[in-house]
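Beneath this line is the structure, given in structure tokens, with notes to follow.
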Amino acid sequence: MKKDFLETFAGIHPCRVETADVSRCDDGQALLPDWMFSLMQTSGLLLLAVLLFNLLTSVSAIASTQMPDDRVANPLWPGSGTLEWQGVNADVAPNLQTEINMQVSGLTNRVTVTQHYINHSEQWLNGRYLFPLPENAAVDSLQMKIGERRIEGQIKPRTEARQIYEQAKAEGKRASLLSQQRPNLFTTDVANLGPGESLEITFSYQQSLIYRDGQFSLRFPMTITPRYVPLSMLRNEAQLADALSLQSPMVDSDALQREQATVNRTDIAVTLDAGVPLAAIRSSSHQIQQQSQSNGQVVISLTKILPDRDFVLEWQPQPEAEPTAALYSQMGQTHLLTPRAGNSVMPDKSRYSLLMLMPPAQSPSTAQPRELILVIDTSGSMGGAALAQAKSAVLFALSSLKPQDNFNIVAFNSDVQPLAPEALPVTAVNLGRAQQFVRCLDADGGTEMAKALRQALPLTNEDNSKTAKDKRLRQVIFMTDGAVANEDELFEMIRNRLGASRLFTVGIGSAPNSHFMHRAAELGRGTFTYIGNMQEVEQKTISLLSKIAAPVLTDVQLHYSDGTVPDYWPASIPDLYMGEPLMVNLRERSEDQPPLLVSGMRNGQRWQQQVQLKASIAALGLDLLWARQQIASLEMMRNGDNRERTTQQATALALKYHLVSHYTSLIAVDVTPVNPAPQHNVQGQAPNMAPVGWQASGNMPQTATDSRLMLVLGLLCLIGALFCGAWRQRLWQARCC
């Protein structure tokens, strides 16, 4: 063993060892200098010390904040960005089955979601379920069904609704509370669900559809990607409570399939009344069954599917039926106000409209050089298929650059890693360097998106001496799944740092955070593109890059021919690109209005068009879309100076139009108590399905810090130092013998 050891690691023949004398002992020590041995020992100890400090700091931060009674921190791995919460009674949770019914009519979609909560335990149960909806969903109704009885939900200010629910729960009454945690993330709470019983909760929402590149589409999210929570949010009690509201138990879909379980299954039925002859209907996410009806409608159905990815449905009109403009209208409100005692309510005689108008069809000039900044999220939540999609998209984007362009790549997770300090010219050497950079990217660490935005949107002084033609068109393409909890902080940063840049977001993965990406693109005067399928990466990336080479119309505004401005939302209309129409929600006090004029800048020239729409198409729920858009615009304008006023305005709007918002909730209560001892109820949370392709690390989220890597490196350094120390000692003894 001694001979093998020396031959292998020291390269010294045993015969030479036997003939060594004392004078060569110094040579043996020189083979492993003292400084190297000391460095390895010090490195190992230092890394372990940093890890220990990190753990103690994280535990201290969480322990110093107040936690809800029904939840505890994961004792295995608390720390920055690793917030993982487990219910005290996580093993007792209601089973859930969901039915989704969609009624598509022209540009709008009315969706009804029915959730069946089933208590298979032997105990009384209070349940909670966190689930996603489209970011533009205007949720306006709630029903709780008990036997054959249906109880309508009432819209209330958020705090008041919570108080009513808690009181009903304490009195042993069945109750349900529907609340918004984010514009695309909601919770349903149910109280006093008896052993073996089931409860049916139904709610509805209205949404407008997307028309882009000659086809309509809708997207229904069915699960969530666990959100990364920055350490700063955990140090504030209010923000900690907010972060907790975004946490949900996750179920591995493979394990569920193996068990052939029936829980968390979803049925979807879509009745499609497009209003125009269709050339094709397809879904890039699921296999669908479709059946044509005698009235021209098409019924699409999916049964017993796992809710582990977004459902996407697309339909394409026949070429001769492609719309260039459409105006859908509705008179009055969907929900009438409840008259107060002694007061009468004046009926709303307003006309609510949804306008779609295609920009000029002629392609604008694309001669202007541009600076393209490609930002790619490499955090742990992007592990698996998501990162592969993002890397493919970046490689396609590189291949589209022209010699007059500049470019850079910014990769980020817990830290930011740019390809170069500044944008590089497009040369064969730089492109090869960029391709190598992209191929070496791996998913790991947290999602410190603020650092990436600071790098991509630097605060610089504009060079006003250059003409518009000489300036580079600076465009930032931000590829991410958006799995973050600090959206408001990021929106504020985009608003303050955008300057002349344009921000385009690309949603990657099975269940991206579309609220963040839609609003970030809107603030960045860009567009949002969703890539949920590897087969779509090339086509959608090429389409996006071709489109953003130059906007068709900028500085878009609406006004009547008499100079007055209509009541329309969003108030700030983004730039328009080829194949993407103008979509606005209007409210008019009467039908007798002057013609509507749309104006903007096209190729540096003023452009204007009068909307010639004599007859409008009747539709329902347009007042909900108008109010929902206005609330979203108020939230985008909110800052420290106007926070109280915008909150009051948004609350009043939500109450008037019966909408769930950040400030209001829907509450339904059965007046008859059913549980004699509600204080002994178990708290349970219905789990979400892990997004398909998403890779978790054990039971810890991949949005963790790099502490585990530091631990491994520290241990390797210590083992190496001990091993080399033993080897040096044995070698020295051998030479001295």
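Numbering starts at 1 and runs along the sequence shown.
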Under 30°, 30 to 60°, or over 60°: which ring-plane class applies to Phe504 and Tyr577, parallel, tilted or perpendicular? perpendicular
Do the side chain of Ser283 and the main chain of Val312 share a donor and acceptor less than 3.5 angstrom apart? yes
Main chain of Gly579, side chain of Lys547: is a donor-acceptor contact present, judged purely on distance under 3.5 Å? no
Can you tell me how far the [atom1] atom of [X] sits from the [atom2] atom of [Y], to the nearest 0.5 Å?
X	Y	atom1	atom2	result
Trp626	Ile631	CH2	CD1	9.5 Å
Ile281	Glu314	CD1	CD	11.5 Å
Leu457	Arg502	CG	CZ	11.5 Å
Leu586	Asp567	CG	CG	8.0 Å
Ile477	Leu503	CD1	CG	9.5 Å
Lys451	Thr447	NZ	OG1	11.5 Å

Would [X] and [Y] count as having a side-chain donor-acceptor pair, cut-off 3.5 Å?
X	Y	value
Glu536	Ser284	yes
His518	Glu135	yes
Thr223	Arg309	no
Asn413	Thr378	yes
Tyr228	Glu448	yes
Ser381	Asp481	yes

I'd like to know whether Glu371 forms a salt bridge (charged side-chain N to carboxylate O under 4.0 Å, His left out) with Arg472, so could you lay out the CA-CA distance, the side-chain angles of the two residues, the decisive distance to 0.1 Å, and finally the verdict. CA-CA 6 Å; Glu371 181 176 308; Arg472 291 188 182 279; 5.3 Å; no
Donor-acceptor contacts under 3.5 Å from residues 485-492 side chains, at least two apart:
residue : atom : partner : partner atom : Å
Asn486  : ND2  : Glu489  : OE1          : 2.9
Glu487  : OE1  : Arg182  : NE           : 2.8
Glu487  : OE1  : Arg182  : NH2          : 3.4
Glu487  : OE2  : Arg182  : NE           : 3.4
Glu487  : OE2  : Arg227  : NH1          : 3.0
Glu487  : OE2  : Asn513  : ND2          : 3.2
Glu492  : OE1  : Arg495  : NH1          : 2.7
Glu492  : OE2  : Asn496  : ND2          : 3.4

Kindly state whether the ring of Phe528 and the ring of Phe478 have centres lying under 6.0 angstrom apart. no
Within 45° cone and under 6.0 Å: Arg219 NZ/CZ vs Phe311 ring: no
